[in-house]
Amino acid sequence: MVLPGKATLVEVGPRDGLQNETGLIASADKIELINALARAGLTRIEAGAFVNPKWVPQMADSEAVLAGIERRAGVSYSALTPNLKGFERALAAKADEVAIFAAASEAFSQKNLNCSIDKSLARFAEVTQAAAQAKIPVRGYISCVLGCPYSGAVDPALCVDIAEALFDMGCFEVSLGDTIGVGTAASTQALLTPMLQKFNPKQLAVHMHDTYGQALANVYQSLQMGISVIDASVAGLGGCPYAKGASGNLATEDVLYLLNGLGIEHGIDLNQVVVAGDVMCRKLGIANHSRVAQALLSQNA
Ligand SMILES: CC(C)(COP(=O)([O-])OP(=O)([O-])OC[C@H]1O[C@@H](n2cnc3c(N)ncnc32)[C@H](O)[C@@H]1OP(=O)([O-])[O-])[C@@H](O)C(=O)NCCC(=O)NCCSC(=O)C[C@@](C)(O)CC(=O)[O-]
């Protein structure tokens, strides 16, 4: 078993976690969440999405959010950019990093991006070209790597091809998304095996949703295979608007507890993350989906 000595968390709660909430959340509350997460030691925070606001109204205030946050030294504040228009908005809002997001399923690509996989990659190439000129790093995502809500099983070979296309156009990292949380440790291994034959583990991240309660096992599987960048969402907030029934990402607090138990360094204060998630859940009037947060909060109650 080869475990990395150090792991980096990419906090996606303020974007992936909140994008699906139906009641409009005040920009000030999003800003407070992001600031609290940065103070807790998270160094990569997805702060918004410059997507079509008609498609995802909750992210329509991403300009205001990026303008309102404290910019802590050493923290990278990123945003999703589906096309050149999104990139121009992100650049004007001074995002430190942007992310493009392809899918390993034609059906999901149509639902999420209103176009085929090939067309989305052509749009993303325009974004990476503009980002290279502006010296903004670009992260790539691939959704549905372990299953699609519309077309079912996904071939790992297709994921490898899309990852290659994303790296070829200049992405510094590709995050592999189990968008609907159907993966298991075995299917994660089956995906990562061909991925790691082609790419360095340092180039890859995993982004696991917890619909079937397997996300932590999938992260552990990924750590054992040398992946050390993990996406997570505070309090397990979230779900994808184009993946019915998909629950939130794996909770940041639960990943931190796993890493602590394994002795893997991460530089984040678990208790501060628990408080940040608790404050947001109370404001939203929703349950906290982190098992670790539930346990720690009940001890302190
Ligand atoms: C890709 C598009 C834009 C195509 O959307 P479209 O409607 O086909 O776009 P269009 O180019 O035909 O333009 C239509 C209108 O939208 C405007 N428009 C066009 N682009 C933008 C923009 N960037 N910002 C603001 N406005 C924009 C454009 O200006 C135009 O305005 P009009 O002329 O009608 O007034 C749309 O499908 C879209 O926004 N999709 C994003 C959906 C989304 O955010 N999904 C959730 C995030 S992905 C995810 O959660 C998965 C992930 C990453 O977490 C990983 C995982 O879990 O697997």
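Hydrogens, waters and symmetry mates play no part in the numbers below; they use all other heavy atoms, side chains included. Ligands are counted one by one from 1 in listed order, and the atoms in each one are counted from 1 as well.
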Exercise. Can the ring centroids of Phe199 and Phe167 be said to lie less than 6.0 angstrom from one another?
Worked result: yes
Exercise. Which of the atoms in ligand 1, numbered in the order shown and given with their element, are less than 4.0 Å from a heavy-atom of Leu80?
Worked result: 47 (C)
Exercise. Which is closest to atom 40 (N) of ligand 1 by heavy-atom distance: Leu113, Asn52, Asn112?
Worked result: Asn112
Problem set entry | Atom indices of ligand 1 within 4.0 angstrom of Gly86 heavy atoms, with elements | 23 (N)
Exercise. Which residue from Lys85, Arg123, His207, Met208 reaches closest to atom 18 (N) of ligand 1 through any of its heavy atoms?
Worked result: Lys85
For this session: Nearest heavy atom to atom 25 (C) of ligand 1 wins, so pick from Arg89, Gln58, Lys119.
Result: Arg89
Exercise. Any idea which atoms of ligand 1 are less than 4.0 Å away from a heavy-atom of Arg15?
Worked result: 47 (C), 49 (C), 50 (O), 52 (C), 53 (C), 54 (O)
Problem set entry | Per-residue contact class, Asp16 against ligand 1 - non-hydrogen pairs under 4.0 Å | side chain
Exercise. Where does Thr179 meet ligand 1, judged by heavy-atom distances below 4.0 Å: at the side chain, the backbone, both, or neither?
Worked result: both
For this session: Mind checking whether Asp178 contacts ligand 1 via backbone (N, CA, C, O), side chain (CB onward), both or neither, at a 4.0 Å heavy-atom cut-off?
Result: neither
Problem set entry | ligand 1 atoms in contact with Pro82 (distance to a heavy atom under 4.0 Å) | 1 (C), 23 (N)
Seminar exercise, completed: One finds that the ligand 1 atoms under 4.0 Å from a non-hydrogen atom of His209 are 57 (O)
Exercise. Side chain of Asp231, backbone of Ala205: donor and acceptor closer than 3.5 Å?
Worked result: no
Exercise. Short list, please: which atoms of ligand 1 are under 4.0 Å from a heavy atom of Phe50?
Worked result: 22 (C), 23 (N), 24 (N)
Problem set entry | Sub-4.0 Å atoms of ligand 1 with respect to non-hydrogen atoms of Pro53 | 25 (C), 26 (N)
